[in-house]
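Inspection log for the structure reproduced underneath, given as structure tokens.
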Protein chains: 4
Amino acid sequence: MTEKPRRESRIQRKNRELILSAALQEFSARGFAGTTIDQIADAAGLSKPNVLYYFASKDTIHVALLQAALEMWLAPLREIQAEGDAADQLLAYARRKLEMSRDYPQESRLFANEILQGAPRLAPILGGELRALVEEKSALIAQWSAQGRIAPVEPRHLLFSIWALTQHYADFEVQVRAVLGEGHDPFAEAQVFLDQLYRRLLAP
Amino acid sequence: MTEKPRRESRIQRKNRELILSAALQEFSARGFAGTTIDQIADAAGLSKPNVLYYFASKDTIHVALLQAALEMWLAPLREIQAEGDAADQLLAYARRKLEMSRDYPQESRLFANEILQGAPRLAPILGGELRALVEEKSALIAQWSAQGRIAPVEPRHLLFSIWALTQHYADFEVQVRAVLGEGHDPFAEAQVFLDQLYRRLLAP
Amino acid sequence: MTEKPRRESRIQRKNRELILSAALQEFSARGFAGTTIDQIADAAGLSKPNVLYYFASKDTIHVALLQAALEMWLAPLREIQAEGDAADQLLAYARRKLEMSRDYPQESRLFANEILQGAPRLAPILGGELRALVEEKSALIAQWSAQGRIAPVEPRHLLFSIWALTQHYADFEVQVRAVLGEGHDPFAEAQVFLDQLYRRLLAP
Amino acid sequence: MTEKPRRESRIQRKNRELILSAALQEFSARGFAGTTIDQIADAAGLSKPNVLYYFASKDTIHVALLQAALEMWLAPLREIQAEGDAADQLLAYARRKLEMSRDYPQESRLFANEILQGAPRLAPILGGELRALVEEKSALIAQWSAQGRIAPVEPRHLLFSIWALTQHYADFEVQVRAVLGEGHDPFAEAQVFLDQLYRRLLAP
DNA sequence: TATGAATGAGTTTTCATTCAT
DNA sequence: GATGAATGAAAACTCATTCAT
């Protein structure tokens, strides 16, 4: 997940992280093309050439962020195991993904921006690592269905639905909040709704 | 959905539509900031100044597209009626939204791009017209639940789920296709999955 | 003063004058470079191509206006005669020039703009026709001085002073009004002041 | 007259001054709208983006020049004092203003261009600082008249006359030279003329 | 490490002018 | 006469990136 950690001084590591954090904020808010290095440098409190001292180009920063975000999104999926209660595991996955949307909405938006625009930088990973992982977990879910431990569902679309429903609360947050108005906790409400939805869907 | 039809010559209407269609393609693929007027002009087969002869600025084109797309997205929601079978209507709404994702994915992506970036141009509409419409239909859905015609569900999050699940297939199409691989019809499969999901969720 | 009046229809003459009047207003307010043909067309209530139907180019309009304005400025100077009271004639000249600044400030500003920028279009006239005219009238004034009919003054700088003092009230009108504040009639006050000034200067 | 001298490197100060000097030359010769940043950059021997590195926009350069020029023009007026010979002070003021027209004609033309076009950027200063200063000095001049130290004159128009007569030699320099022809020193002659004019006007 | 200085290659827009009807 | 349509040439900025220190 981290870059090449060769002999980084403390200050170097700190600046790298400052830049990544600033860039995440800016990229997720305005997209790659809509963000200037100046904005990143300002947000990071560094000079523009100094930002480029740490990352060779604007693109390099972007790629570093995308890789980190992707790794983050894949982790919970990897944790789905054959052992344990089937429905509980899927519900827990949805819950964990929703928490991530709540706690890391910028990463979600960065990712969404990229996919929306055709995933020029992620395509190989999507068709490679991600696909393989989905295949693996889909086989597991199909098995659960076959064993009658959950209702029969198309496993890949089940996973898509979890992604769509949870990421929606991060990616479309403005819309969700605008529609709900004040006095709502979208993520808490979503958790209740999703629990209900998946319990009913998966009940054998 | 159409613009103001004031004394437009045939050629004018045609060029306007050429530009809007080209711009939709480019904006939805690369975002507002990532698209240049040159690209739009090329895609429309017009010169750059000629594009600006029809639309005062890049932004004007964008706004025209957003308004049309928004109107398109709102229409099916408006059609939900008190009369008729409750669950059927909601299932039909999901189905219609999914068809739109299939048939107008560019509009969906344009819209997603905008919301993702904080909806600078749509915020007032989201909190105004959209919110009011959602309130109205939510009341209807709540009533259906209260009458036992569908299971008790939080109506607004039910609507969010329909939006998220259907638009996902347009907005994240690259990912969906990459994960599924060749030989799949994502939208057809999604239809089956969503039917199942909402039937189970809404069964009283 | 008028262009070639060959077989102009009534409507043609009217449009020509509409354009010239609109252009005078715009050029005098924003300078040649700061004015667009669109602004002139709008002010004239005509379409842009129609403006260019009457005048081959923006420059052509400008030149027509300059020539008319110059002719207008020269006329009163021409009227200074050997006969009559010397001081009275010079006072009358100043008075007439001041009236022109009051009644035709746009022409004055158009002219000033041009001279300020090096008189690219007027240079030959300034060194030709104007110079000759000034020479002629200067000789007359010098003669008056020699005859003791007015005090001895350098005639050309006397003329410069009349130009400067009268045109100032048109060209620097904003400044004059800003300094005087409300409730003043700059031109009426100027008349009194200039009468006093020249009476004292010229008193033999 | 100088800008804010905050931590400017030598090269920065030098380039800033190069740009201002080049811009003064261009703006005074062709007006604001008639001047391009390219021309300024060329005249300064810098690249266009480098000019914009020092000044955020064409307008910023213009404003900086106007402020400096205005300050320069106001200074001599401020120096008129209650003490000393009344007529001498006014004559000295006219002389100083004439010297400035001779030595800084570009500043004069820049200023004239701006006023001519309605003083969009100076209006507040004209009605504020300038007006107050004129009020103050007018009171002084009125007092001198009342005390019989100079002839009774309308003080504000007296000041206008000094401005008009001296600035004319800078602003209308082309015309003055064209009319006088070769072999003349306009400013030297003007000095003699103005001395005579004001001595006669102000003689009690 | 860090940054002030500089710029080439765009990008959006403007505008005088032309063209076709 | 009149104008909708179109555009080449420029003009004001923008920005990722480089350079020198």
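Hydrogens, waters and symmetry mates are skipped; everything else that's a heavy atom, side chains included, is used. Naming convention: chains lettered A, B, ... in sequence-line order (proteins, then strands); numbering from 1 in each chain.
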Any idea which of [options] is nearest the [X] side chain?
X        : options                   : answer
Leu52(D) : dT12(E), dC13(F), dT3(F)  : dC13(F)
Ser9(C)  : dT3(E), dG1(F), dC13(F)   : dG1(F)
Ile11(C) : dG8(E), dC13(F), dA2(F)   : dA2(F)
Pro49(A) : dC13(F), dA16(E), dC19(F) : dC19(F)
Lys58(C) : dA5(F), dA16(F), dA16(E)  : dA16(E)

Quiz item: Base, sugar-phosphate alone, or nothing: which one does Thr35(B) contact when heavy atoms must sit under 4.0 Å apart?
Solution: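 Sugar-phosphate only.
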Write down the distance between [atom1] ([X]) and [atom2] ([N]), rounded to a whole number of angstrom.
X        : N       : atom1 : atom2 : result
Arg16(C) : dG1(F)  : CZ    : P     : 10 Å
Leu18(D) : dA5(E)  : CG    : C1'   : 14 Å
Gln39(C) : dA16(E) : CD    : C1'   : 13 Å
Arg13(C) : dG1(F)  : CZ    : C1'   : 16 Å
Lys48(D) : dC13(F) : NZ    : C1'   : 8 Å
Ile37(D) : dT7(E)  : CD1   : P     : 15 Å
Phe55(A) : dA16(F) : CZ    : C1'   : 16 Å
Phe32(B) : dT11(E) : CZ    : C1'   : 12 Å

Could you tell me whether the phosphate oxygens of [N], OP1 or OP2, come under 4.0 Å of any side-chain nitrogen or oxygen in [X]?
X        : N      : result
Tyr53(A) : dA2(E) : no
Gln12(D) : dA5(E) : yes
Asn50(A) : dT3(E) : yes
Tyr54(D) : dA6(E) : yes
Asn15(A) : dA2(E) : yes

Quiz item: Does the cation-pi check pass for Arg16(A) over Phe55(A), that is, NZ or CZ under 6.0 Å from the six-membered ring centre and within 45° of its axis?
Solution: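 Yes, Arg16(A) and Phe55(A) form such a contact.
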Quiz item: Would you call Arg121(A)-Asp59(A) a salt bridge at under 4.0 Å N-O?
Solution: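 A salt bridge is present here (some side-chain N lies under 4.0 Å from a carboxylate O).
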Quiz prompt | Rounded distance (nearest 0.5 Å) linking atom OG of Ser108(B) with atom CE of Met72(B) | solution =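 Rounded to the nearest 0.5 Å, the OG-CE separation comes out at 10.0 Å.
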Quiz item: Roughly how far, to the nearest 0.5 Å, is CD of Glu173(B) from CG of Asp171(B)?
Solution: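 Between Asp171(B) CG and Glu173(B) CD, I get 9.5 Å after rounding to 0.5 Å.
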Quiz prompt | Who pairs with dA20(F) - Watson-Crick or G-U, where each distance is under 3.5 Å | solution =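 Its partner is dT3(E).
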Quiz prompt | Closest-nucleotide 5' rank along DNA chain E - winner of Ser47(A) and Asp59(C) | solution =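 Result: Ser47(A).
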Exercise. Would you kindly compare Thr36(B) and Leu46(D) by the position of their nearest DNA chain E nucleotide and give the one closer to the 5′ end?
Key: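 Looking at DNA chain E, the more 5' nearest nucleotide goes with Leu46(D).
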Quiz item: Can you find a heavy atom in the side chain of Thr36(C) that is under 4.5 Å from one in the side chain of Gln39(C)?
Solution: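 Thr36(C) reaches Gln39(C) side chain to side chain.
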Quiz item: Does OH belonging to Tyr54(D) count more than 12 external heavy atoms closer than 6.0 Å?
Solution: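 Count over threshold, so yes.
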